[in-house]
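Here the structure is laid out as structure tokens; the discussion comes afterwards.
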Amino acid sequence: MPKILTPNDVLQFRQRLCDLALKAFAEQGVEGMSLRGLAAAAGCSRTTPYRYFKNKADILAAVRQAQFQRMADDAEKVARHASDPDERLVALARAYLSFAMATPDAYRVMYSVNQRDEQRYPELVRQINRAQQPMMTAVDEAIAKGSIKGDPVNVVHVLWAGLHGIISLHLADKLHMGRDIEELAEVMIRSLSRAVASKPSAQPPTRRLLEA
């Protein structure tokens, strides 16, 4: 008689498949994240993964959702322990860097994969928004305090782009000037913080590409 799976059993096996899918991504890219390959790695029948995921897009969304949730949990924890918005921004930037350095494969699947059907996965979108919100809130509060000037969305994009850029260069093994990434990141975080504090972002919030 087949075993009756409890909700916890289902959750654990689904998580195991996600872990195996991330490992496959690290070794072979998105092409390696096939349900048949997951079945072989998990030691189950070829049809078993299809009980949990419809196709590759589903497993990719689930993997990315889990990683954005981890990042969001970390960011919210950091945000709770820093009352000053300026210091919170620096702490959040450090946490973002630490996450990428500790889990480079997770970072790559989160940001280097173009999942065109992202909106089909509302929980994935929710976790992406959760991961962004602590920095958005800190910027809003810093602007209200008067320590930062500019459109908050522009400011967040500038800070995020700077962090993402240095992380991407590091993960691509392109930083070869005798500096540790933590040192470079610290310089960049402080420099960007001073830049957004000293003058408004160049493009007014009323000018949008979609309106051009």
Side-chain angles (χ1 to χ4, degrees), residues 7-26 29-35 38 42 49-82 85 88-142 152-168 170-171 185 189:
N8 189 54
D9 291 333
V10 171
L11 184 63
Q12 287 186 354
F13 190 73
R14 182 182 171 90
Q15 183 57 56
R16 184 184 176 203
L17 289 177
C18 285
D19 292 342
L20 291 170
L22 182 59
K23 185 174 185 292
F25 172 82
V30 175
E31 295 75 14
M33 298 173 69
S34 70
L35 293 179
L38 291 182
Y50 288 92
R51 301 175 191 172
Y52 300 85
F53 304 103
K54 293 179 181 178
N55 49 38
K56 181 185 288 189
D58 272 11
I59 183 68
L60 178 60
V63 170
R64 295 181 68 232
Q65 174 189 316
Q67 302 312 317
F68 275 109
Q69 183 171 342
R70 288 178 58 202
M71 177 180 277
D73 290 344
D74 288 350
E76 289 174 356
K77 183 178 180 180
V78 167
R80 287 194 296 268
H81 288 84
R88 196 184 317 145
L89 275 176
V90 174
L92 285 168
R94 287 174 178 158
Y96 184 90
L97 177 72
S98 296
F99 180 93
M101 295 301 97
T103 56
D105 296 324
Y107 189 85
R108 288 188 181 97
V109 82
M110 292 161 70
Y111 291 110
S112 69
V113 174
N114 181 21
Q115 189 160 16
R116 296 180 182 178
D117 54 354
E118 203 168 78
Q119 297 301 319
R120 287 181 49 215
Y121 302 96
E123 186 58 24
L124 167 60
V125 173
R126 190 178 82 84
Q127 295 302 333
I128 291 173
N129 291 336
R130 270 191 68 216
Q132 297 170 344
Q133 192 56 49
M135 184 170 285
M136 191 77 228
T137 299
V139 167
D140 283 337
E141 292 180 1
V153 176
N154 287 352
V155 172
V156 168
H157 274 80
V158 167
L159 294 174
W160 176 76
L163 283 168
H164 181 69
I166 200 167
I167 288 168
S168 297
H170 173 75
L171 295 181
I189 291 166

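Just the heavy atoms: all of them, side chains too, but no hydrogens, waters or symmetry mates, feed the values below.
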Considering only heavy atoms from C-beta outward, does the side chain of [X] approach that of [Y] to under 4.5 Å?
X    : Y    : value
Q132 : V156 : no
R130 : Q133 : no
M33  : L22  : no
F53  : L38  : no
I128 : M110 : no
Y96  : H164 : yes
F25  : L60  : no
L92  : L159 : no

Which residues satisfy the side chain to side chain donor-acceptor pair (under 3.5 Å) test with [X], sequence neighbours excluded?
X    : result
S112 : none
S98  : none
H157 : none
E141 : R88

Checking A66 now: which residues fulfil side-chain contact (heavy atoms from CB on, under 4.5 Å) with it, not counting sequence neighbours?
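None.
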Taking side-chain contact (heavy atoms from CB on, under 4.5 Å) as the test, write out the residues that go with A142, two or more places apart.
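Residues passing side-chain contact (heavy atoms from CB on, under 4.5 Å) with A142: P85, D86, S147, I148.
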Kindly give the heavy-atom pair with the smallest separation between [X] and [Y], and that separation in Å.
X    : Y    : answer
Q115 : A57  : NE2-O, 3.0 Å
P49  : L17  : CA-CD1, 4.2 Å
K77  : H81  : O-ND1, 2.8 Å
V63  : C18  : CG2-O, 3.6 Å
P104 : L171 : CB-CD2, 3.7 Å
R14  : Y52  : NH1-O, 3.0 Å

Looking only at side chains, do Q69 and Q65 share a donor and an acceptor under 3.5 Å apart?
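Side chains of Q69 and Q65: no pair found under 3.5 Å.
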Listing request: all salt bridge (Lys or Arg N to Asp or Glu O under 4.0 Å) pairs with a residue in residues 105-114, at least two apart in sequence or in separate chains.
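Passing the test, one end in residues 105-114: D105-R108.
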Which residue pairs satisfy the salt bridge (Lys or Arg N to Asp or Glu O under 4.0 Å) criterion with at least one member in residues 53-64, sequence neighbours excluded?
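Listed once each, the pairs are R64-E118.
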How would you list, by chain and number, every residue that makes a salt bridge (charged side-chain N to carboxylate O under 4.0 Å, His left out) with [X], sequence neighbours excluded?
X   : answer
D19 : none
R70 : none
R16 : none

Tell me, please, which residues at least two apart from F68 pass ring-ring contact (aromatic ring centres under 6.0 Å, His included).
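With neighbours one apart ignored, the set is Y111.
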Measuring from T137:OG1 to M135:CE, what's the distance to the nearest 0.5 Å?
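One finds 11.0 Å between OG1 of T137 and CE of M135.
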